[in-house]
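Structure first, then comments.
As the structure is a prediction and not an experimental result, all values here were calculated from the model.
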Amino acid sequence: MPATILLTMALTLVIALLAAVGAGKLARLDGASYPTALTRAAFAFTTALTLFAAITAALAALR
């Protein structure tokens with residue numbers, strides 16, 4: 001069971017990082033400055049982690 005939790009956490013971090021990189025790259029392609037692109041990437045990373053936390057809390061409540 002702990003191995004599953006660690007694997008899920010690692011996969012979640014990878015997905016959040018990919019979302020952040022994608023958002024930052026798309027912002028730069030759209031002509032945004034580096035600080036703006038970094039802000040958008042940070043927002044995407046935070047949003048992905050928040051979504052994961054909400055899903056985890058909902059699943060824990062069902063248990």
Side-chain angles (χ1 to χ4, degrees):
M1 189 67 140
T4 306
I5 293 170
L6 288 176
L7 182 62
T8 304
M9 287 172 54
L11 184 62
T12 301
L13 282 176
V14 167
I15 291 172
L17 283 172
L18 285 174
V21 168
K25 182 64 177 174
L26 286 175
R28 281 299 292 159
L29 288 175
D30 196 34
S33 65
Y34 281 109
T36 304
L38 185 61
T39 302
R40 290 180 188 174
F43 182 73
F45 181 75
T46 306
T47 303
L49 288 183
T50 304
L51 180 62
F52 172 71
I55 291 171
T56 303
L59 291 177
L62 291 176
R63 246 178 160 207

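Think of Phe52 as one node in a network of Ile, Leu, Val, Met, Phe, Trp and Tyr side chains linked at under 4.5 Å; it has no links at all. When hydrophobic side chains of Ile, Leu, Val, Met, Phe, Trp and Tyr are connected at separations under 4.5 Å, Leu62 ends up clustered with Leu51, Ile55, Leu59.
Qualifying side chain to side chain donor-acceptor pair (under 3.5 Å) partners for Ser33, counting only residues two or more places apart in sequence or in other chains: Thr36. In this view, Ala37 and Ala27, Arg28 satisfy the side chain to side chain contact (heavy atoms under 4.5 Å, CB included) rule, not counting sequence neighbours.
Expressed to the nearest 0.5 Å, how far CZ of Phe45 lies from OG1 of Thr50 amounts to 10.0 Å.
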Considering only distance and modelled atom types, tabulate donor-acceptor pairs under 3.5 Å from the side chains of residues 8-25, sequence neighbours left out.
from, atom 1, to, atom 2, distance (Å)
Thr8, OG1, Thr4, O, 2.7
Thr12, OG1, Thr8, O, 2.7

